[in-house]
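Taking it in order: structure first as structure tokens, then the write-up.
Residue numbering restarts at 1 for every chain, and letters A, B, ... go by the order of the sequence lines.
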Amino acid sequence: MSINENPSPANFIRHIINNDLKTNKHNGKVATRFPPEPNGYLHIGHAKSICLNFGLALEYHGTCNLRFDDTNPEKESEEYVESIKRDVHWLGFEWSELRHASDYFGQLYDYAVQLIKDGKAYVDSSTPEQIRANRGTLTEPGKNSPDRDRSVEENLSLFQGMRDGLYADGQYVLRAKIDMASPNINMRDPTIYRIRRVHHQRTGHDWCLYPMYDYTHCISDAIEGITHSLCTLEFEDHRPLYDWVLEQLNTPWRPQQIEFARLQLEYTIVSKRKLNQLVTEKHVSGWDDPRMPTIAGLRRAGVTPAAIRDFCERIGLTKKDSWIEMSVLEHCIREDLNQNSLRVMAVAEPLRVVITNYPDGQVENLTLGNHPQRPELGSRTVPFAKTVLIERDDFSENPPPKYKRLVPGGEVRLRGSYVVRCDEVIKDADGNVVELRCSYDPDTLGKNPEGRKVKGVIHWVSEAHSLAAEMRLYDRLFTVPQPDNEDNFLSVLNPDSLQVVSGCRVESSLATAAPESCFQFERIGYFCLDKDSGADNLVFNRTVTLREGWVKE
RNA sequence: UGGGCCGUCGCCAAGCGGUAAGGCACGGGGUUUUGAUCCCCGCAUACCAAGGUUCGAAUCCUUGCGGCCCAGCCA
């Protein structure tokens with residue numbers, strides 16, 4: 001499988017890379033990295049970054065590392081590390097090297113000592129409150145810390161003490177000595193090391209002080225020889241600091257940070273805190289609930305890696321804040337699934353149809369193609385018998401205009417089978433339709449009837465041969481396009497985001513379906529076999545509906 | 001109101017001084033044993049606004065207007 005199916009559209013990062021290649025800026029190399037913090041599950045927004053970084057490496061025959069930005073042990077865990085690796089692989093990418101920021105803790109520490117020796121960093125005993133108070137505001141400069149002019153010797157010994165565990169959490173921090181009057185707040189002596197006596201998922205108790213993101217990320221990039229360090233827009237203000245650190249340290253390699261706009265998808269939320277809240281408060285079944293925008297959720301819903309990659313390519317790459325409509329994602333999903341999923345028949349809400357003139361006990365094993373446009377995908381056997389089940393929706397006693405399904409006295413084609421006419425409608429005491437008596441035209445198998453046109457085609461299953469199933473019909477999780485803008489995002493949860501339809505009947509060929517396999521239930525939508533399936537009850541998640549060209553008013 | 005960034009069709013997005021690509025959505029038509037797919041056709045005299053430079057401006061300049069981000073010992 002090729003990851004780059006289509007010619008890549010132009011974007012500003014490719015322009016930069018092309019130009020860098022032309023001027024031999026990074027010795028003609030392209031080296032990227034995807035740097036998640038292992039503090040949550042990957043979501044569709046990460047997919048954009050993953051496709052970008054790994055995609056660029058593939059396209060330019062460069063490299064892309066998977067690097068865990070594990071500098072805050074309080075929030076990170078092994079579980080997340082594993083889920084991230086799994087998701088990146090599932091999306092179809094292989095990293096050049098697996099790295100962790102924690103691999104560099106030793107070098108980071110040594111570099112910090114160098115900064116101190118050069119008078120570029122100092123140990124501050126200010127409390128977080130004092131640091132905040134002295135930072136100034138957006139419009140006023142900050143004030144120097146009383147500790148700012150501590151001697152190099154004292155800084156060195158204090159920093160060593162921090163490393164040796166002599167001090168309590170928060171007692172001291174190491175700060176870069178830059179400019180408390182800078183209009184860029186990130187340059188007002190940012191903290192680069194803090195004391196945290198906590199266990200780290202990889203380094204255990206080796207360290208009791210941990211480096212901060214701004215200090216760590218640029219050095220990690222330099223160590224790995226990254227050429228283009230791609231990140232989202234909110235780090236734009238951090239770039240001067242990124243460059244400052246590498247400049248002071250005079251690192252042999254100088255990566256270039258480039259920022260792009262993060263993905264914002266309508267009707268979804270990607271804040272880790274809020275996603276976590278949805279899970280812990282049980283508004284969804286878990287991180288892999290098909291309504292979640294997580295990679296795991298999309299996967300369980302039946303969305304394919306190819307669809308996600310296609311989506312990430314189509315939405316473009318700019319520095320503009322933008323909101324992508326759901327229809328774009330849905331289009332990508334349908335495009336892949338239409339092309340690759342096998343067709344099958346399933347009845348969500350069955351209505352019994354007895355074909356009165358069909359011989360009792362007779363069964364015809366019909367051969368139906370698995371895909372209308374791709375005969376190479378083979379065929380399957382679908383049994384036809386006297387009693388079949390059709391969709392309740394496909395019969396109407398009082399049809400709306402343009403209705404072309406079954407009506408009393410009318411004819412319809414049973415998909416892949418015969419044309420039947422509805423002769424009689426059987427109702428229960430309450431007047432509900434419980435059964436249809438139909439007659440079939442034996443001369444319509446594989447051919448159109450003589451002298452009349454039958455425009456409707458409906459799906460069906462043989463009652464006796466069909467299998468029990470449950471369909472989980474998912475809809476958007478929120479009722480408004482930008483739930484994040486609400487005061488309380490929970491108040492705009494869509495109460496109808498999941499509709500469980502039980503009592504469905506599906507064709508017998510589905511008995512051997514593998515978990516996670518996707519099908520098109522003809523005329524209904526795309527469905528994926530869920531892990532909750534049992535032998536006597538198949539469970540299918542609806543990935544997306546079919547496009548609906550006709551809407552009953 | 002300090003600093004950084006951004007403004008091209010309903011939503012994305014190409015365009016980089018030579019006279020507005022493409023996708024999604026939408027509307028119309030055709031094919032079809034899935035009201036699916038597929039195939040045609042339509043969809044910005046106009047690029048946030050106003051001035052200016054130029055033979056020529058979405059592209060250059062000026063001034064406005066609008067939006068996003070930043071005051072964690074988070075990333």
Using a distance-only criterion (donor-acceptor N/O pair, under 3.5 Å, no hydrogens), is the base of B:G3 paired with the side chain of A:D237?
yes
Considering only B:A13, B:A25, B:G35, which nucleotide approaches the side chain of A:K320 most closely?
B:A13
Considering heavy-atom distances to RNA chain B, does A:E234 or A:R523 have its closest nucleotide positioned more toward the 5' end?
A:R523
Specify whether A:H238 and A:F235 have parallel, tilted or perpendicular ring planes, treating 30° as the upper limit for parallel and 60° as the lower limit for perpendicular.
perpendicular
Please pick, from B:C24, B:C73, B:C12, the nucleotide with the shortest atom-to-atom distance to any side-chain atom of A:S327.
B:C24
Does A:R415 make a cation-pi contact with A:W460, if we ask for NZ or CZ under 6.0 Å from the ring centre and within 45° of the axis?
no
Checking contacts here: which listed nucleotide (B:G2, B:G72, B:U34) is nearest the side-chain heavy atoms of A:P183?
B:G2
Quote, to the nearest angstrom, the P distance that separates B:C9 from B:A46.
13 Å
Donor-acceptor pair under 3.5 Å, A:R132 side chain vs B:G72 base
no
Charged N-O contact under 4.0 Å between A:E507 and A:R380:
yes
Does a distance-only test, which skips hydrogens and angles, find a donor-acceptor pair under 3.5 Å between the side chain of A:R413 and the base of B:U33?
yes
Choose from B:G2, B:A13, B:C5 the nucleotide whose nearest atom is closest to any side-chain atom of A:L138.
B:G2
Closest to the side chain of A:V457, out of B:C74, B:U1, B:G35, is B:G35
Do the side chain of A:E140 and the base of B:G2 come within less than 3.5 angstrom through a donor-acceptor pair of N or O atoms?
no
Any N or O donor-acceptor pair linking the side chain of A:Q520 to the base of B:U34 at under 3.5 Å?
yes
Please classify B:G72 as syn or anti, treating any glycosidic angle within 90° of 0 as syn.
syn
Does any N or O in the side chain of A:K85 come within less than 3.5 Å of the main-chain N or O of A:L66, such that one atom is a donor and the other an acceptor?
no
With rounding to the closest Å, how many angstrom separate the C1' atoms on B:U33 and B:A25?
30 Å
Comparing A:L414 with A:S322, nearest RNA chain B nucleotide closer to 5' gives the residue A:S322
For the P atoms, the ones on B:G4 and on B:U37, what distance do you get once it is rounded to whole angstrom?
49 Å
Compare the minimum distances between each of B:U34, B:C6, B:U1 and the side chain of A:R343, then state the nucleotide with the smallest one.
B:U34
For the pair A:F540 and A:F521, name the ring-plane relationship: parallel under 30°, tilted 30 to 60°, perpendicular over 60°.
perpendicular
